[in-house]
Protein chains: 2
Amino acid sequence: MIYVPSRMGQLNRRALLRRLQKLGIASRAELAKSLGMSQPTAGKIVDELIAADVLEEVDMAETSVGETSLRGRPGRKLRLNHSKSRLLAIQLGLQSTTVTPLALGIPDVDEWQCQFSLAPNESESARVWENQLRAAAKKIGREDFLGALVSVPGVLDEQANRILFSPNLHWTEKSDLAQIVRRVWKLPVLLVQEERALALGHHLANPDCEDFLLVDFGEGVGGAIIVDGKPFANPLPISGEIGHTPVLGNSRKCGCGATGCMETLVSLRGLLESFSTATRGKKNTWPQLREHISEKGIEPWLASSLDAAATAIAGALNVLGLRRVFVTGSLTELPPAVMAHLSQAIESGSMWAKFGRVECVAAPRRRTAGLIAMGIDRLIVPDSDTKSFSLQKIASRNQA
Amino acid sequence: MIYVPSRMGQLNRRALLRRLQKLGIASRAELAKSLGMSQPTAGKIVDELIAADVLEEVDMAETSVGETSLRGRPGRKLRLNHSKSRLLAIQLGLQSTTVTPLALGIPDVDEWQCQFSLAPNESESARVWENQLRAAAKKIGREDFLGALVSVPGVLDEQANRILFSPNLHWTEKSDLAQIVRRVWKLPVLLVQEERALALGHHLANPDCEDFLLVDFGEGVGGAIIVDGKPFANPLPISGEIGHTPVLGNSRKCGCGATGCMETLVSLRGLLESFSTATRGKKNTWPQLREHISEKGIEPWLASSLDAAATAIAGALNVLGLRRVFVTGSLTELPPAVMAHLSQAIESGSMWAKFGRVECVAAPRRRTAGLIAMGIDRLIVPDSDTKSFSLQKIASRNQA
DNA sequence: TCATTTAATTAAGAAAACTACGGAAGTGCT
DNA sequence: AGCACTTCCGTAGTTTTCTTAATTAAATGA
């Protein structure tokens, strides 16, 4: 059954759900007080969300929370429905695709129920992929999902739900991925840019961090921005493309077509290329690199690459007015000296370091959490796109 | 008389006023249709705003607008009140301070009624400044202003209405400028960061441009960002600090305390320094530079400085997902080849250029327009900071 | 057991939007 | 000029949604 937002004001519903995400667990009364809305309003919204299996009441016996004020009738605590799979998550990666059903609770680690590989350069990739999805669909079975969320790499047009540019998975540019998934599951489908999913996931798992830049090092270098607890977006279907910041004096060709992009230096391949050159071709694998660094420390060739990344990141921090960077991916697997160097270089280039502290720390990739966050935001309490608020009109429109 | 927002929902009022800013002139019916709200609602809001002297009806005889649908009763057109000074604008510059009353209509060029200079290194700058303001107050007389808007350089904490850091006007860091102005005029006072005012002004004058980066070249290099027609902001009192993006290989000391900031290369002083070096000290003035460039074109020393600026700008565009840059200030006074080079360099580093066009054009400084935009946004239709929307509560709170 | 305190629900009322309708103010045709 | 037609704007009454106030529920501690 698809969740149909009934007439209650969406803004309050969104606000309440966001707040609950932040608090993790809370009672109706706590939510009402914390949002400044009346108890009856909060109560009604909660009732609706429970009826729609979005929230669930928690038996307080099982959870040991000391937060409760000791006197008076204890509140019935609420949380995101942890016990029922409401979303279908699909991750499209370079080598493999994974699929899993998800409840709305925040998973500690990413776990995928199905995994299958797509041979690269397959002539009919889209068709093959669809068949693999069908197999996964059989395995997973029919639950009443609210929608499917697909994490995809590349440049994504969220409005049109289409991939504009994907240097490593060119076939996705021509196929309508959302359409394919919809054919298999007959659900609302939302494509989510990979890095943005990571950033959202980090935010959902660390709700106190409301403003940060996440930079993911892998095949390329991608970024995503959370401002005010929301993903930063704008009309252009591009954002956080920090890996393609030009680096003066760098002449490597990038997959994007340009020359000198920062990611040609610090992506997996970029680092290995520099490593190979520095060792005169003797060593060129990732484990060798790791070992090499832990023995020799940060050599000049590596320092200059890291500095290039730090420059781009510091520039982004200055322009965005942020003070926190979370780093995920390959760089976090190298000896800690690497992150230390990067962190130090970012700090020296960042304006905010003159007033306060700039943080740059490693973090795990939380893709499924990000997809959940997106699902809640876009499927469960959708934002009626209308910028002008005629609340009642919007409500009635949604009802239809 | 101070404008007290009465009970009508603020969101709709904001939306309506924004739309009218965008349209310039429109009737109640046009506004209602364009916003998707009902005519009675739009009518009521308009009536309120007229009563508060924020809007005025325009005699259609005088304006020749062909837009009107030819049949039916013609609507009574509305626009921002152009005939009455509602705001007091103050511009705090390095050499001089200027003051002027402003109506809400968008001025074509900045005009300031009073101007006075503050000798640098004055021991009691704050006190002297206050006295100068008092003189200006006498000259301007007592109109019923809604508030005062002060354009200030440096790093501004908008929340606290205080200057955190101002490398060229250190005395402003210690004094409470808002308090000083309030002592002179007894009005609500709003400090506005200089570059942000420029960006807002550009937006108000060109309402179709809803997303852009503005870069101002002068004593330093400052930037400001408009996303979705609104100034981009976040918790940190810093943003758009594009001039302090580190440039690899640049070892000039910056006023901010760091080394290698981009603005040490392309600020007025930075350019002249490079110019002087390139001509072995023979030439070092701005007119000489202008002439030199128009004779010799873009020499390598200049090209590399411009490329550094372009790199920072392109990086910002990629991260923010923007495709438009407006450049104001000194760079626009140089021969057109300079802007052409910059524009070209930005394009080659920007991701969006691979999908569509990236624009980089010169624009005039529209500071007063920016202050008006800020005044409308923050004084006339203030945004109740509350993020959770309990519309009625907010309304009653404002009433009190 | 009962007063106290806090939570949740119910009922009644108010705010701000909406729809529907009617008069006003134009154009264009006869 | 008169009349049909169209569009604008305001009034009146309705609907939606939130609020406050009152009530019931569920705990603690004397």
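The structure presented is a predicted model; accordingly, all values stated were derived computationally and were not measured. No hydrogens, no waters, no symmetry mates; every other heavy atom, side chains included, goes into these values.
- The aromatic rings of A:His203 and A:Phe212 sit tilted, their planes meeting at an angle between 30° and 60°.
- Heavy-atom distances to DNA chain D give each of B:Gln39 and A:Ala42 a nearest nucleotide, and the one nearer the 5′ end belongs to B:Gln39.
- For B:Asp47, whose side chain is taken as the heavy atoms from C-beta onward, the closest listed nucleotide among C:dC18, D:dA25, D:dG10 is D:dG10.
- B:Glu56 and B:Ser83 are linked by a side-chain donor-acceptor pair at a separation below 3.5 angstrom, with hydrogens and angles left out of the test.
- To the nearest angstrom, C1' of D:dT7 lies 11 Å from CD of B:Glu30.
- The distance between atom CD of B:Glu57 and atom C1' of D:dC8, rounded to the nearest whole Å, is 12 Å.
- Look at CZ on B:Arg28: it is 14 Å from C1' on C:dA25, rounded to the nearest Å.
- Screening B:Lys77, B:Arg19, B:Arg76 for a salt bridge (charged side-chain N to carboxylate O under 4.0 Å, His left out) with B:Glu30, the sole residue that qualifies is B:Lys77.
- In terms of position along DNA chain C, the nucleotide closest to A:Gly43 lies nearer the 5' end than the nucleotide closest to the other residue of the pair A:Gly43 and B:Pro40.
- In the set C:dT5, D:dT6, C:dC18, the nucleotide with an atom closest to the side chain of B:Arg71 is D:dT6.
- Between A:Glu48 atom CD and D:dT16 atom C1' there is a gap of 13 Å when expressed in whole angstrom units.
- Rounding to whole angstrom units, CG of residue B:Asp59 and C1' of C:dA25 are separated by 15 Å.
- In this entry the distance linking CG of A:Leu31 with C1' of C:dA7 reads 13 Å, nearest Å.
- Taking both residues in full, the closest heavy atoms of A:Leu87 and A:Ile372 are given as CD1-CA, 4.0 Å, listed atom of the first, atom of the second, then distance.
- Whole-Å rounding puts the A:Arg73 CZ to C:dA3 C1' distance at 18 Å.
- Checked against D:dT6, D:dA26, C:dT9, the side chain of A:Arg76 finds its nearest nucleotide in C:dT9.
- In this structure, B:Ile45 places its CD1 atom 13 Å from P of D:dG10, rounding to the nearest Å.
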